[in-house]
Amino acid sequence: MNEILERAEKLGLKIPHITAEEIDKQVKPVLRQMEKNGIKIDVAVLQKLDKKLSIKITKLEEEIQKLAGRKFNVASPSQMADVLFKDLKLPTDDLKKTKTGISTAAHELQKIADKHKIIAPILEHRELAKLISTYLKPLPLLVDENSRLHTTYSLETSTGRLTSSEPNLQNIPIRGTYGEDIRATFVAEKGMKLVSADYSQIELRVVACLAQDKAMIQAFKNGEDIHARTAAEIFHIEQSKVTSEQRRKAKAVNFGIVYGQTPYGLSQTLGISVEEAGEYIRNYFDVHIGIKDYVNEMIDLAHSEGYVETLLGTRRYLPNINSHIRFIAESEERMAINMPVQGTAAEILKLAMIELNHKLIRGSVNSLIRGDKSTSQQVNESTKPRLLLTVHDELVVEAPEKDAEGVGKLIKDTMEQVIKLCVPMTVEVGIGENWAKAK
DNA sequence: ACAATGGTCC
DNA sequence: ACTCGGACCATTGTA
């Protein structure tokens with residue numbers, strides 16, 4: 001049993017007695033079943049959106065070339081850089097450089113958006129090109145005779161997370177102008193609903209417990225708005241006086257903690273000075289001593305043992321952590337900070353999938369919501385609730401309309417109770433005819 | 001075939 | 001001089 005686990009058990013928490021290896025063994029058949037189940041997409045709606053955006057992108061391309069004064073391949077970063085920085089002579093001072101020249105990444109172009117009218121249509125073109133080429137065109141070609149998409153899940157990551165490929169269903173758009181439109185094309189079968197359940201702030205809750213950070217544990221126990229609380233801490237103000245802008249910055253700080261935040265990294269994310277970012281981080285660690293200690297402990301452990309591990313023992317070796325090339329060593333130090341957190345969260349979700357799948361197969365819902373085990377109404381294969389998707393902190397189940405509420409409660413309860421850490425593992429459930437409405 | 005660039009998700 | 005964790009995939013351009 002590893003040290004983290006020993007420490008947790010002493011505190012009287014309920015941690016399943018199962019190794020990471022055993023979890024993976026048990027989750028595999030669940031994944032194979034989910035792949036086989038697949039999820040239905042509304043191909044007609046997807047293709048309608050494709051048509052609409054294709055027309056739009058053609059017009060944008062013409063507009064961009066007109067503003068540029070010549071024809072060029074808008075999809076080529078190198079040609080784009082020539083147009084922007086040679087033809088139009090836009091300023092490159094603030095922009096990041098790549099190995100081959102000046103970056104034309106969206107985030108960089110934002111910085112010079114007010115210098116020329118051409119930037120706005122370029123950014124819009126990028127957005128549409130991404131959606132069309134990655135989602136709208138390929139997905140309809142991959143459906144089976146029932147309009148269902150079947151991904152392939154794999155366990156081969158360095159943290160213990162799952163991956164999804166061919167197609168990747170873990171990066172379906174949700175933000176942006178058309179994100180919801182695309183998610184809405186992921187639908188439930190007629191007479192069924194999609195039930196989506198996601199862990200709220202799972203990684204922050206995990207790190208709060210791994211680090212035994214008193215302030216953060218208290219915040220989660222009280223059900224506080226964690227980002228608002230962090231804002232109050234780093235800006236030295238009362239929580240009731242936190243503005244939305246301050247909360248946004250604090251949210252970035254909270255996310256950054258789990259990634260091995262550096263002042264430079266935070267400054268890039270928030271578009272602020274390195275000094276300002278450094279002050280936020282210092283203020284944060286002044287309050288969150290537990291996190292500060294955790295970070296140092298993981299780095300020390302990685303240096304001395306050559307690896308770090310999760311709550312249930314998934315291990316990641318960091319062979320270059322003692323490298324004399326500073327960037328390499330620092331990079332692995334950040335991995336040492338992040339991996340136990342991300343990996344523990346992954347283990348929790350896998351445990352929930354295993355247990356939930358058992359319950360769904362046993363038909364727990366029928367007895368749960370109707371209080372009977374009657375088989376008068378034959379439960380046939382197509383109307384049983386089935387696990388369809390897993391997206392790191394979220395599970396998506398397809399369930400008969402009349403059972404959806406009960407299934408939602410079952411999923412929530414299963415996910416929240418599968419492990420007992422030092423803070424509640426809160427789960428939010430949504431039900432809808434499509435994936436957008438179920439969120 | 002492969003590297004570089006860019007972008008989507010958690 | 002230069003950076004925050006983990007993935008997959010599309011396109012361009014070079015070999």
Side-chain angles (χ1 to χ4, degrees), chain A residues 72-81 96-109 122-123 125-139 142 151-176 178-179 182-183 198-204 206-207 252-270 274 277 281 295 298 308 314 316 318 325-346 349 389-395 435:
Chain A
F72 68 103
N73 186 349
V74 180
S76 163
S78 74
Q79 292 184 38
M80 181 62 74
K96 207 187 295 178
K97 290 181 185 62
T98 66
K99 288 174 185 172
T100 52
I102 311 292
S103 170
T104 67
H107 195 79
E108 299 301 308
L109 295 187
I122 288 171
L123 294 176
H125 184 280
R126 283 267 175 83
E127 185 183 6
L128 300 191
K130 179 69 182 179
L131 298 180
I132 292 168
S133 71
T134 308
Y135 307 102
L136 302 184
K137 293 268 189 243
L139 293 184
L142 296 171
T151 186
T152 302
Y153 290 109
S154 162
L155 291 165
E156 319 301 314
T157 65
S158 44
T159 59
R161 263 194 179 182
L162 300 170
T163 66
S164 159
S165 63
E166 288 181 293
N168 181 358
L169 297 184
Q170 292 182 325
N171 71 346
I172 301 302
I174 181 65
R175 308 167 200 143
Y178 305 97
I182 293 177
R183 281 226 174 182
D198 65 286
Y199 280 110
S200 164
Q201 313 288 0
I202 187 169
E203 293 194 348
L204 281 180
V206 165
V207 77
V253 170
N254 278 331
F255 275 111
I257 293 310
V258 189
Y259 298 155
Q261 186 94 263
T262 64
Y264 181 83
L266 183 63
S267 75
Q268 289 297 301
T269 308
L270 288 177
V274 176
I281 295 172
V295 165
M298 288 306 114
V308 290
T314 304
R316 178 173 190 173
L318 298 165
I325 304 169
R326 199 161 61 112
F327 172 73
I328 302 281
E330 286 176 344
S331 171
E332 297 213 342
E333 287 180 357
R334 291 192 291 271
M335 295 173 193
I337 297 166
N338 175 263
M339 185 272 175
V341 180
Q342 189 182 118
T344 300
L349 194 80
L389 301 179
T390 168
V391 194
H392 309 307
D393 65 356
E394 173 185 14
L395 296 178
W435 199 5

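First the proteins, then the strands, lettered A, B, ... as listed; each starts at 1. The structure presented is a predicted model; accordingly, all values stated were derived computationally and were not measured.
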Student: Enumerate the protein-to-nucleotides 2-4 of chain B contacts in which both atoms are nitrogen or oxygen and the separation is below 3.5 Å.
Tutor:
none

Student: Looking just at side-chain N and O atoms, do A:Ser164 and A:Thr151 make a donor-acceptor pair shorter than 3.5 Å?
Tutor: yes

Student: For B:dC9 and A:Arg175 - does any side-chain N or O of the residue sit under 4.0 Å from the phosphate oxygens OP1/OP2?
Tutor: yes

Student: Taking side chain as C-beta onward, heavy atoms only, is A:Trp435 less than 4.5 Å from A:Leu389?
Tutor: yes

Student: Hey, does A:Gln170 have a side-chain heavy atom less than 4.5 Å from the side chain of A:Tyr153?
Tutor: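 SC-SC contact between A:Tyr153 and A:Gln170 confirmed.
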
Student: In this structure, how many angstroms lie between the C1' atom of C:dT3 and the NE2 atom of A:His107, rounded?
Tutor: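 About 14 Å, once rounded to whole Å.
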
Student: Taking everything shown except A:Phe255 itself, do over 12 heavy atoms lie less than 6.0 Å from its CZ?
Tutor: no

Student: What is the distance, rounded to the nearest whole Å, between atom CG of A:Leu162 and atom C1' of C:dG5?
Tutor: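 Those two atoms, CG and C1', are 16 Å apart.
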
Student: Using a strict threshold of under 4.0 Å (side-chain N to carboxylate O), is an ion pair present between A:Glu203 and A:Arg161?
Tutor: yes

Student: Is the shortest side-chain N/O distance from A:Arg161 to OP1 or OP2 of C:dG6 below 4.0 Å?
Tutor: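 For C:dG6, OP1/OP2 do not have a side-chain N/O of A:Arg161 under 4.0 Å.
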
Student: Check whether any side-chain heavy atom of A:Glu156 lies under 4.5 Å from a side-chain heavy atom of A:Thr163, and answer yes or no.
Tutor: no

Student: Taking the nucleotide of DNA chain C with the nearest heavy atom to each, does A:Ser267 or A:Thr157 sit closer to the 5' end?
Tutor: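 Per heavy-atom nearest nucleotide, the more 5' residue is A:Ser267.
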
Student: Take atom P in C:dA1 and the same atom in B:dG7, then report the distance between them in whole Å.
Tutor: 26 Å

Student: Do A:Gln342 and A:Thr159 get their side chains close enough for a donor-acceptor pair, meaning under 3.5 Å?
Tutor: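 A:Thr159 and A:Gln342 do have a side-chain donor-acceptor pair below 3.5 Å.
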
Student: Looking only at the side chain of A:Asn338 (C-beta and beyond, no hydrogens), which of the listed nucleotides B:dG6, C:dG5, B:dC9 gets closest?
Tutor: C:dG5

Student: A:Met298 and A:Ala336: which non-hydrogen atoms are nearest, and at how many Å?
Tutor: CB-O, 3.6 Å

Student: Base, sugar-phosphate, or nothing: which does A:Tyr264 touch, judged by heavy atoms less than 4.0 Å apart?
Tutor: base

Student: Heavy atoms only, 4.0 Å cut-off, all strands: where does A:Leu131 land among base, sugar-phosphate and nothing?
Tutor: nothing

Student: Just the rounded figure in Å: distance from P of B:dC10 to CG of A:Leu169.
Tutor: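 It is 13 Å, rounded to the nearest whole Å.
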
Student: Take atom CD1 of A:Ile172 and atom C1' of B:dG7, then tell me their distance rounded to the nearest Å.
Tutor: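 Taking atom C1' of B:dG7 as the reference, CD1 of A:Ile172 is at 13 Å.
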
Student: Side chain of A:Ser158 only, heavy atoms from C-beta on: which candidate in C:dG5, C:dG6, B:dT8 is closest?
Tutor: C:dG6

Student: Send over the distance from A:Asn254 CG to B:dC10 C1', rounded to a whole Å.
Tutor: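 Whole-Å distance recorded here is 16 Å.
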
Student: So, for A:His107 and A:Gln268, which heavy atoms are closest and what is the spacing to 0.1 Å?
Tutor: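 Shortest heavy-atom contact: NE2-O, 3.6 Å.
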
Student: Looking at B:dC10, B:dG6, C:dG5, which one has an atom nearest to any side-chain atom of A:Ile174?
Tutor: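 The listed nucleotide nearest to A:Ile174's side chain is B:dC10.
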
Student: Whole angstroms only, please: what is the CZ-P distance between A:Arg334 and C:dC2?
Tutor: 15 Å

Student: How would nucleotides 8-15 of chain C be written as a contact map, 5' to 3', with B for base contact, S for sugar-phosphate-only contact and - for no contact, using protein heavy atoms under 4.0 Å?
Tutor: BBSSSS--

Student: Of all residues at least two apart in sequence or in a different chain, which pass the side-chain hydrogen bond (donor to acceptor under 3.5 Å, both in side chains) check with A:Glu166?
Tutor: none

Student: In whole angstroms, how far is the P atom of B:dC9 from the CH2 atom of A:Trp435?
Tutor: 11 Å

Student: Over all heavy atoms of both residues, which pair between A:Ala105 and A:Ser103 is shortest? Give the atoms and the distance, please.
Tutor: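 Nearest heavy atoms, A:Ala105 then A:Ser103: N-OG, 3.1 Å.
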
Student: Mind checking if A:Arg326 touches a base, just sugar-phosphate, or nothing, with heavy atoms under 4.0 Å?
Tutor: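 Counting heavy atoms under 4.0 Å across all strands, the contact made by A:Arg326 includes a base.
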
Student: Rounded to the Å, how far apart are A:Tyr153 OH and C:dA7 P?
Tutor: 17 Å

Student: Of all the nucleotides listed (C:dG5, B:dG7, C:dA1), which has the minimum atom distance to the side chain of A:Ala106?
Tutor: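 From the listed options, B:dG7 comes nearest.
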
Student: By the 4.0 Å heavy-atom rule, please label A:Val258 as base, sugar-phosphate, or nothing.
Tutor: nothing

Student: Check whether any side-chain nitrogen or oxygen of A:Arg126 sits under 4.0 Å from OP1 or OP2 of B:dG7, and answer yes or no.
Tutor: yes

